[in-house]
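Structure, as structure tokens:
No experiment lies behind these values; they were computed from the predicted model shown. Residues: numbered from 1 along the sequence shown.
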Amino acid sequence: MGKKITVSGEVRLRVSYQVELNMSEQEFDALSEREQNEHLENAIDWLEAGRNAEVDEFDVDDVIEIEEK
């Protein structure tokens with residue numbers, strides 16, 4: 001018989017990105033921050049970005065010990 005634990009929480013990842021948008025710098029600057037973020041979020045290849053992500057921070061919310069039989 002051994003013991004195990006289950007750990008749950010959140011992890012924050014940091015990714016670098018570079019995207020091309022079909023607009024001028026002036027047009028981009030004229031957008032609100034929310035609109036800029038929407039354009040960036042839609043243009044990023046999240047699968048590829050996730051492959052190259054670095055762990056930024058771990059938050060452990062819960063640890064449960066499990067008794068093995």
Looking only at heavy atoms, which two atoms of A49 and V15 are closest? And how far apart?
-> O-CG1, 3.3 Å
Hey, what do you get for CD (E10) to CD (E57), rounding to the nearest 0.5 Å?
-> 9.5 Å
Side chain to side chain contact (heavy atoms under 4.5 Å, CB included) against E41, all qualifying residues, sequence neighbours excluded = W46
Transitive ILVMFWY cluster of F58 at side-chain heavy atoms under 4.5 Å: who else is in it?
-> V11, L13, V55
Among all residues two or more places apart in sequence or in another chain, which pass the side chain to side chain contact (heavy atoms under 4.5 Å, CB included) test with A30?
-> none
Going through the checks in order, is the side-chain contact (heavy atoms from CB on, under 4.5 Å) test met by V63 and T6?
-> CA-CA 6 Å; V63 178; T6 299; over 6 Å; no
Sequence neighbours excluded, the answer for side-chain hydrogen bond (donor to acceptor under 3.5 Å, both in side chains) partners of S24 is E27
Listed partners of E65 passing side chain to side chain contact (heavy atoms under 4.5 Å, CB included), at least two apart | K3, I5
Quick one: CG on L31 to CD on Q26, what's the gap to the nearest 0.5 Å?
-> 11.5 Å
Partners passing salt bridge (charged side-chain N to carboxylate O under 4.0 Å, His left out) against E20 (at least two apart in sequence or in another chain) = none
Roughly how far, to the nearest 0.5 Å, is the CD atom of Q18 from the CG atom of L40?
-> 12.0 Å
Residues in side-chain hydrogen bond (donor to acceptor under 3.5 Å, both in side chains) contact with Q36, at least two apart in sequence or another chain | none
Which salt bridge (Lys or Arg N to Asp or Glu O under 4.0 Å) pairs, counting each pair once, include a residue from residues 42-52, with sequence neighbours left out?
-> E48-R51
Are there more than 12 heavy atoms of other residues, nucleotides or ligands under 6.0 Å from atom CZ of F28?
-> yes
Residues that S8 engages under side-chain hydrogen bond (donor to acceptor under 3.5 Å, both in side chains), provided they are two or more places apart | none
Just how far is it from atom CZ of R12 to atom CG of D59, taken to the nearest 0.5 Å?
-> 4.0 Å
Would you indicate whether E25, at its atom CD, is surrounded by more than 12 heavy atoms from other residues, nucleotides or ligands within a distance under 6.0 Å?
-> no
Hydrophobic cluster of L47, others only, ordered by chain and residue number, side-chain cut-off 4.5 Å | none
Does D56 have any side-chain hydrogen bond (donor to acceptor under 3.5 Å, both in side chains) partners at least two apart in sequence or in another chain, and if so, which?
-> R14
Which residues share a salt bridge (charged side-chain N to carboxylate O under 4.0 Å, His left out) with D61, sequence neighbours left out = none
